[in-house]
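To start, the structure itself, in structure tokens.
A quick note: this is a predicted structure, and the numbers were derived from the prediction, not measured.
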Amino acid sequence: MPDTAHLDINQMRERAGEATGVLRVLAHEDRLLLLCQLSQAELCVSDLEQQLDIRQPSLSQQLGVLRREGLVATRREGKHIYYRVGDDRVLALLQTLYELYCQPHEGTS
């Protein structure tokens, strides 16, 4: 009979490693701002630059990190590249963060 408790711990350890990697990427203010915007809508670089007031070189660098880590996906339309959150688990996490920290709540300071 297989030891299912041992398998569960190994699977949990693997998933914890995945979660740690995502949280490490989110722990950068500009990347978190980018992902929060992208959790609300698909946007191109010029839209992100205007909305977030992040200079283009830094914006491109952070979008590159997000692409390498698999957190954003892209599509090309003419000269524009549009970005969106590319992982449903990350999108769910971002939506929770958005609700907790970005939406105005009554009675919060």
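- Here the closest heavy-atom approach between residue C36 and residue S39 is recorded as O-OG, 2.7 Å.
- R31 has its side chain out of reach of L26: every pair of non-hydrogen atoms, C-beta onward, lies at least 4.5 Å apart.
- Contacts of D30 classified as salt bridge (charged side-chain N to carboxylate O under 4.0 Å, His left out), with partners at least two apart in sequence or in another chain: none.
- In this structure, L71 CG and R84 CZ are separated by 13.0 Å, a value rounded to the nearest 0.5 Å.
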Please determine whether side-chain hydrogen bond (donor to acceptor under 3.5 Å, both in side chains) holds for the pair S58 and Q62, giving the CA-CA distance in whole Å, both sets of side-chain angles, and the decisive distance to 0.1 Å.
CA-CA 6 Å; S58 179; Q62 300 312 323; 4.5 Å; no
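- Partner of C44 under the side-chain contact (heavy atoms from CB on, under 4.5 Å) criterion, chosen from R76, E77, E49, H80: H80.
- Residues L32 and H28 form no side-chain contact, since every pair of their non-hydrogen atoms from C-beta on lies 4.5 Å or further apart.
- Residue-environment remark: CZ (R89) stays at or below the threshold of 12 foreign heavy atoms within 6.0 Å.
- Residues L59 and Y82 do not share a hydrophobic cluster, clusters being chains of Ile/Leu/Val/Met/Phe/Trp/Tyr side chains in contact below 4.5 Å.
- Residue L97 holds its CG atom at 10.0 Å from CG of L35, rounded to the nearest 0.5 Å.
- Residues Y83 and V45 have side chains in contact (heavy-atom distance under 4.5 Å, counting atoms from C-beta outward).
- Remark: of the listed residues V85, L94, V90, V85 is the sole one forming a side-chain contact (heavy atoms from CB on, under 4.5 Å) with L38.
- Atom CG of L43 is separated from atom CG of L52 by 8.5 Å, given to the nearest 0.5 angstrom.
- A side-chain donor from one of Q56 and S60 sits under 3.5 Å from a side-chain acceptor of the other.
- Counting heavy atoms from C-beta on, the side chains of Q40 and Y98 come closer than 4.5 Å.
- Put simply, the side chain of E29 reaches to within 4.5 Å of the side chain of L33, judged on heavy atoms.
- A salt bridge is absent between E69 and R24; no separation between the charged side-chain nitrogens and carboxylate oxygens falls under 4.0 Å.
- Considering only heavy atoms from C-beta on, L48 comes within 4.5 Å of L63 through its side chain.
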